[in-house]
Amino acid sequence: MWQPTKLELERLHKAQRLQTRGVELYPARIERTHRIAEAVDKFLQAESDAQVEDIGVTVTGRIRRLNSRGKVSFAHVEDESGRVQLFLRVNALGDESYELIRRKLIDVDDFVQASGTMMRTRTGEVSVNVAELRLISKSLTPLPVVKEQRTAGGTVIEYGEFKDTESRYRQRYADLAVNKSVREIFVKRARAIKALRDFLDGEGMLEVETPVLQPLYGGAAARPFSTRHNQLHQDLYLRISFELYLKRLLVGGYDAVYEIGRDFRNEGVSYKHNTEFTMLEFYKAYIDYKGVMDITERMFAYAAEQVTGSAQIRYQGTAIDLAPPWKRMSIREAAQELLGFDYMDYPTSETLYAYLDSRGLTEGLDPNDTWGRMIVEHILGNHIEQHLSQPTIIKDYPRDMSPFAKRIQGTSADEKERRYIASHTERFEFFIAGMEMGNAFTELNDPRDQQARFVDMKRLYAEEADETTPLDEDYLKAMRYGMPPNGGFGSGVDRMVMLLTDQTSIRDVLLYPHLRAPQVTEADLRGQFMLDAAVRGYEYQLDHVLEGSKRRIALYLPAPNIGVDFRLANALEGSLAQLQNLRKAFDGALFVMTDEALYRVDDDLAGVTAADFWSALS
RNA sequence: GGGCGCGUGGCGCAAUGGCAGCGCAGUUGACUUUUAAUCAAUUGGUUGCAGGUUCGAGUCCUGCCGCGCUCACCA
């Protein structure tokens with residue numbers, strides 16, 4: 001239960017005084033003729049047209065600044081569109097209404113409705129000359145105070161900002177209310193996702209929705225969350241990807257489908273990982289991974305244009321050009337270019353590890369990893385990825401890392417090249433700003449090969465069983481009906497939003513990033529207590545302060561006014577028998593709450609002296 | 001999970017082991033064109049929690065909780 005702070009008590013008191021004056025604190029009917037930005041624009045337009053007639057407006061919003069100067073006051077109100085100053089004069093408002101300002105009954109953070117005509121103050125600021133001011137929602141908890149100063153150069157310096165990351169994430173509403181730049185991030189996020197939809201719709205793809213709860217997880221290598229359907233007596237998994245469900249739809253006759261939705265992975269969090277994240281996947285028939293590359297390049301350029309106005313963006317001070325074409329190279333070529341060797345010269349995990357060791361490149365590498373994992377996870381992930389600042393497509397991945405991709409095509413007279421072709425797949429990932437942004441393949445559509453891959457995966461990763469892709473018999477059944485050749489694509493949308501909003505942490509592009517649940521607070525306990533009492537039909541009493549004691553106690557009472565002080569005083573100083581009597585008096589339902597916990601006084605206390613009982617609580 | 005760092009009024013921050021302080025906000029008063037308004041006065045703290053060392057702990061030690069960074073993990 002809420003325990004008001006000193007500042008909140010002051011506002012509660014103001015709320016009472018307002019109600020005494022007959023002011024409605026939370027009215028239901030609101031008037032507004034203009035959004036704030038519209039009102040200002042209209043005034044500026046009239047000014048430039050040299051019109052003389054008054055522009056009457058009614059605007060609404062939250063007060064963000066209030067500066068009383070005696071019989072005249074200035075306020076800034078803000079709605080989503082912007083801010084405008086209110087010019088408040090006792091002459092215009094009348095004594096009674098102005099009194100609310102003068103007595104400070106209206107605070108910063110309150111929502112108001114203001115009617116008047118547009119004007120400029122003596123210093124030139126566009127304002128509403130307010131004739132009528134109405135409180136439309138009282139704020140009881142003050143928001144953190146942020147003051148702004150505009151320098152001559154136009155930059156805004158903020159004083160006393162609200163920047164404690166934990167508070168900002170846990171109370172995102174306050175963060176948003178105070179920090180305009182945070183609000184802007186999520187506007188851009190919405191624009192980015194709309195841009196993706198518009199683009200994919202424009203490509204003739206059908207947006208679909210597939211199950212979040214799946215009887216088998218698959219399509220990626222990740223630890224899933226599991227849950228249980230009670231009525232069906234069935235274990236279910238939260239999806240780690242959409243892949244297998246989307247590709248079944250190509251069997252069903254759609255040429256191209258996509259889905260934007262949430263995936264869940266039961267793994268660590270980092271600046272670029274959240275346990276739940278937004279994924280985009282699409283699958284398009286009759287194209288291969290080169291076709292997917294073309295779409296990828298155009299799609300990112302389009303999204304950047306829609307969000308930032310240009311395909312040339314800046315990320316953390318670096319200029320990044322998302323316009324096609326992007327650099328494309330195979331993982332083998334990347335290793336040759338950046339590390340100066342051909343991994344095909346080391347065709348087993350043992351020889352590859354030995355070579356890397358001779359170069360001093362094995363830090364963090366498990367010698368028991370598979371050959372493909374060494375190349376993708378270690379060589380690419382630890383030694384190449386961070387250098388890929390400009391958009392780069394890295395293609396042709398080792399087969400054992402890509403269970404849903406077709407082998408690369410071609411033939412060669414050379415033995416080493418034949419081995420290369422046999423052991424690699426048409427898969428690519430693309431990297432921007434040193435971050436993996438997505439993953440795509442020429443999709444495997446041979447059910448016989450697919451079944452072999454499931455078995456391979458199981459064999460390779462037997463010891464980490466929960467990270468392998470389980471064999472999905474229904475998926476194979478679908479594929480046996482015939483799946484058109486197709487190219488598929490998956491990308492973490494949150495990372496794209498990070499890129500387009502210049503953010504370095506995924507948490508800053510998620511409205512509610514995952515945080516550990518905070519400890520139960522006293523306020524939570526009090527709330528529980530109050531609810532329990534209501535359910536039992538008891539009166540309750542919180543913060544019962546006992547004479548000469550620092551303890552605060554909460555009680556369930558079967559009825560009010562039954563001599564609590566007297567009985568408790570006895571119990572505190574007396575024997576267990578008296579305590580039990582007390583309990584009896586309360587119909588066997590005496591609960592005592594201290595700052596730490598809620599205790600039930602019951603038979604478990606037998607044998608404990610009252611003094612020990614109370615000292616155990618303190 | 002490992003390492004490093006942080007946790008002090010509502011917010012932003014100080015404080016060699018020695019009286020817990022400052023700014024903003026708040027409260028009271030003054031002011032009819034302010035804009036980080038100003039002026040005068042003023043309230044508010046069990047320094048995340050629990051122990052320990054010490055004459056004395058915000059500060060040192062141990063454990064716990066939370067957050068951040070980083071490593072590990074991570075298609």
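The figures that follow rest on heavy atoms only: side chains count, while hydrogens, waters and symmetry mates do not. Lettering follows sequence order; numbering is per chain, from 1.
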Backbone N/O of [Y] and side chain of [X]: donor-acceptor pair under 3.5 Å:
{"X": "A:E267", "Y": "A:R223", "result": "yes"}
{"X": "A:R239", "Y": "A:D263", "result": "no"}
{"X": "A:R427", "Y": "A:N439", "result": "no"}
{"X": "A:R453", "Y": "A:A405", "result": "yes"}

Item to check | Closest-nucleotide 5' rank along RNA chain B - winner of A:V269 and A:F441 | outcome: A:V269
Item to check | A:E161 or A:E148, whichever maps to the more 5' nucleotide of RNA chain B | outcome: A:E161
Checklist outcome for this item: Note, RNA chain B 5' to 3' with Watson-Crick or G-U pairs under 3.5 Å encoded as ( ), [ ], | and . gives (((((((..((((....[..)))).(((((.......))))).....(((((..]....))))))))))))....
Next on the checklist: What does the B/S/- profile of nucleotides 20-27 of chain B look like, 5' to 3', with a 4.0 Å heavy-atom cutoff to protein?
Outcome noted: ----SSSS
Nucleotide [N], atom [atom2] - distance to [atom1] of [X] in whole Å:
{"X": "A:E166", "N": "B:G7", "atom1": "CD", "atom2": "C1'", "value": "9 Å"}
{"X": "A:M119", "N": "B:U34", "atom1": "CE", "atom2": "C1'", "value": "11 Å"}
{"X": "A:K71", "N": "B:G29", "atom1": "NZ", "atom2": "P", "value": "14 Å"}
{"X": "A:F264", "N": "B:C74", "atom1": "CZ", "atom2": "C1'", "value": "17 Å"}
{"X": "A:I101", "N": "B:U32", "atom1": "CD1", "atom2": "P", "value": "16 Å"}
{"X": "A:E436", "N": "B:C73", "atom1": "CD", "atom2": "P", "value": "15 Å"}
{"X": "A:E125", "N": "B:U34", "atom1": "CD", "atom2": "C1'", "value": "9 Å"}

Checklist entry - Do the charged groups of A:E47 and A:R120 touch, with an N to O distance under 4.0 Å? => result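 Yes, A:E47 and A:R120 are salt-bridged.
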Within the structure, does a side-chain N or O atom of [X] lie under 4.0 Å from either OP1 or OP2 of [N]?
{"X": "A:R265", "N": "B:A75", "result": "no"}
{"X": "A:R516", "N": "B:G66", "result": "yes"}
{"X": "A:R427", "N": "B:A75", "result": "no"}
{"X": "A:R65", "N": "B:A37", "result": "yes"}
{"X": "A:R89", "N": "B:U33", "result": "no"}
{"X": "A:R507", "N": "B:G68", "result": "yes"}

Checklist outcome for this item: Residues at least two apart in sequence or cross-chain that pass salt bridge (charged side-chain N to carboxylate O under 4.0 Å, His left out) with A:R17, listed by chain then number, are none
Which atoms form the tightest heavy-atom contact between [X] and [Y], and what is the distance?
{"X": "A:Y343", "Y": "A:H424", "result": "OH-NE2, 2.8 Å"}
{"X": "A:D369", "Y": "A:M374", "result": "O-CE, 3.7 Å"}
{"X": "A:N274", "Y": "A:H514", "result": "OD1-N, 3.4 Å"}

Next on the checklist: So, under a plain 3.5 Å distance rule, would you say the side chain of A:R120 forms a donor-acceptor pair with the base of B:U33?
Outcome noted: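 It does not, because no donor-acceptor pair links the side chain of A:R120 to the base of B:U33 below 3.5 Å.
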